[in-house]
> 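A single structure is presented below for examination.
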Amino acid sequence: MLPIDAAAHGSRWRRRHPLEKALLGFGLTVAAVCLPPWPGGPLVAAATLAVLLGPAGVAGRQLWRAFRIPLGFCFTGAAPLLFAVGGPAGLVSLAPDGPRHAAELLLRTSAASLGVLLFAFTTPVSDVLPRLVRAGVPAPVVDVALVMYRIGFLLLDSLAKIRRAQAARLGHAGRAAAWRSVAGLAATAFVRAFDRASRLQSGLAGRGYDGTLRVLVPEVTLSWRFLAASGALLAALTTVTLVLKGLYL
């Protein structure tokens, strides 16, 4: 199990309805994208961090380990805006408004990433997928997603075991040995993926699979107080951002 999935299963908000957390997390994401990047981005990011580290109970180290990867993509996406290709200044030159555009994009994307992480750190995938059928998603699509979710963790476990076995046999002692180990790892994972899929199909057939995976979903009632607080937070962020934006202009 990935650390973010383990954190979601042990979250303080584990028993809350996924719709509540979706409204808050994705609402913050939409706010980060739609509001002016300054001061909207820092305000949304600060509010999301406060919720993650406070009521949601996410550990700071876990949050940083999960956030640094999307943050790297945010920097990678913002860096090209610093430069202009072609024109009278030469083949490659600094864009006139490049730093401003790059900073705005970085503020939007980093704050939006935190909103997505808020939902991911508090809501296991196994709580979301079965409820999608009630939302109108075709059952076969949800079944495929559930199976792929399960197979993904099985393959990750297999890869970890293979890498440990290769390391114990000095499979990473040199560059040539490392390349051989990578090739062997890819080949073994490819074969095991088909083997796992075949065994899973046989297991489902032996249990009378008729085209629908029936999963018990615990009944959770919506907390209107939580929804109202989430809406109030989003409204407050929007209001403060627009007021500060007006004063800044």
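Note: hydrogens, waters and symmetry copies are ignored here, and every other heavy atom, side chains too, is used. Counting begins at 1 with the first residue of the sequence.
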> Between Leu23 and Leu19, is any pair of side-chain heavy atoms under 4.5 Å apart?
no
> Taking atom OG1 of Thr123 and atom NE2 of His9, what is their separation to the nearest 0.5 Å?
10.5 Å
> Compare all side-chain heavy atoms of Thr241 with those of Pro36 and state whether any distance is below 4.5 angstrom.
yes
> Search all heavy atoms of Ala173 against all heavy atoms of Ala177 and return the closest pair with its distance.
N-CB, 4.3 Å
> Of all heavy-atom pairs between Arg192 and Ser158, which one has the smallest distance, and what is that distance?
NH1-CB, 3.8 Å
> Could you tell me the separation between the CG atom of Leu28 and the CZ atom of Phe119, rounded to the nearest 0.5 Å?
13.0 Å
> Go through Glu20 and Ser223 one step at a time and tell me if the side-chain contact (heavy atoms from CB on, under 4.5 Å) criterion holds.
CA-CA 7 Å; Glu20 301 174 6; Ser223 173; 3.3 Å; yes
> Considering only heavy atoms from C-beta outward, does the side chain of Leu185 approach that of Arg163 to under 4.5 Å?
yes
> Indicate if Leu71 and Val33 have the same hydrophobic cluster label, given that clusters are the connected sets of ILVMFWY residues with side-chain heavy-atom separations under 4.5 angstrom.
no
> Report yes if some heavy atom in the side chain of Leu118 is under 4.5 Å from a heavy atom in the side chain of Phe26; otherwise report no.
no
> Roughly how far, to the nearest 0.5 Å, is the CZ atom of Phe75 from the CG atom of Leu106?
4.5 Å
> About how many Å separate CG of Leu63 and CZ of Arg68, when rounded to the nearest 0.5 Å?
11.5 Å
> Among residues at least two apart in sequence or on other chains, which ones pass side-chain contact (heavy atoms from CB on, under 4.5 Å) with Phe73?
Ile69
> What closest approach, in Å, do Gln62 and Ala7 show between heavy atoms, and which atom pair accounts for it?
OE1-CB, 3.9 Å
> Donor-acceptor check, side chain of Ser181 to backbone of Gln166, threshold 3.5 angstrom: yes or no?
no
> Apply side-chain contact (heavy atoms from CB on, under 4.5 Å) to Leu105 and list each qualifying residue two or more places apart in sequence or on a separate chain.
Ala78, Leu81, Thr109
> Grab the two heavy atoms, one from Pro37 and one from Pro42, that are nearest each other, plus how far apart they are.
O-CD, 3.4 Å
> Can you name the side-chain hydrogen bond (donor to acceptor under 3.5 Å, both in side chains) partners of Arg100, sequence neighbours left out?
Glu104
> Using the rule that Ile, Leu, Val, Met, Phe, Trp and Tyr join whenever any side-chain heavy atoms are under 4.5 Å apart, tell me whether Leu49 and Trp64 fall into a single cluster.
yes
> Does any part of the side chain of Leu244, heavy atoms only, come nearer than 4.5 Å to the side chain of Leu43, both counted from C-beta?
yes
> Any idea how Trp13 and Phe226 line up, ring-wise: parallel (<30°), tilted (30 to 60°), or perpendicular (>60°)?
perpendicular
> Would Leu24 and Leu233 count as a side-chain contact (heavy atoms from CB on, under 4.5 Å) here? Give the steps.
CA-CA 9 Å; Leu24 179 58; Leu233 175 61; 4.0 Å; yes
> Answer yes or no: is there a side-chain heavy-atom contact under 4.5 Å between Ser113 and Phe67?
yes
> Shortest non-hydrogen contact from Ala32 to Ala112?
CB-N, 3.6 Å
> Which atoms form the tightest heavy-atom contact between Thr221 and His17, and what is the distance?
O-CB, 4.4 Å
> State yes or no: do Val30 and Val51 share one hydrophobic cluster built from I, L, V, M, F, W and Y residues joined by side-chain heavy-atom distances below 4.5 Å, directly or via other members?
no
> For residues Arg16 and Thr122, determine if any side-chain heavy atom of one lies less than 4.5 Å from a side-chain heavy atom of the other.
no
> Give a yes or no on this: more than 12 heavy atoms of other residues, nucleotides or ligands lie within 6.0 Å of atom CZ of Arg14.
yes
> Check the hydrophobic clustering (I, L, V, M, F, W, Y; side-chain heavy atoms under 4.5 Å; chains of links allowed) and say if Phe194 and Leu159 are grouped together.
no
> Report whether Val141 and Val128 are members of the same hydrophobic cluster (ILVMFWY, side-chain heavy atoms less than 4.5 Å apart, transitive linking).
yes
> In the structure I gave you, are the side-chain heavy atoms of Thr238 and Leu35 within less than 4.5 Å of one another anywhere?
yes
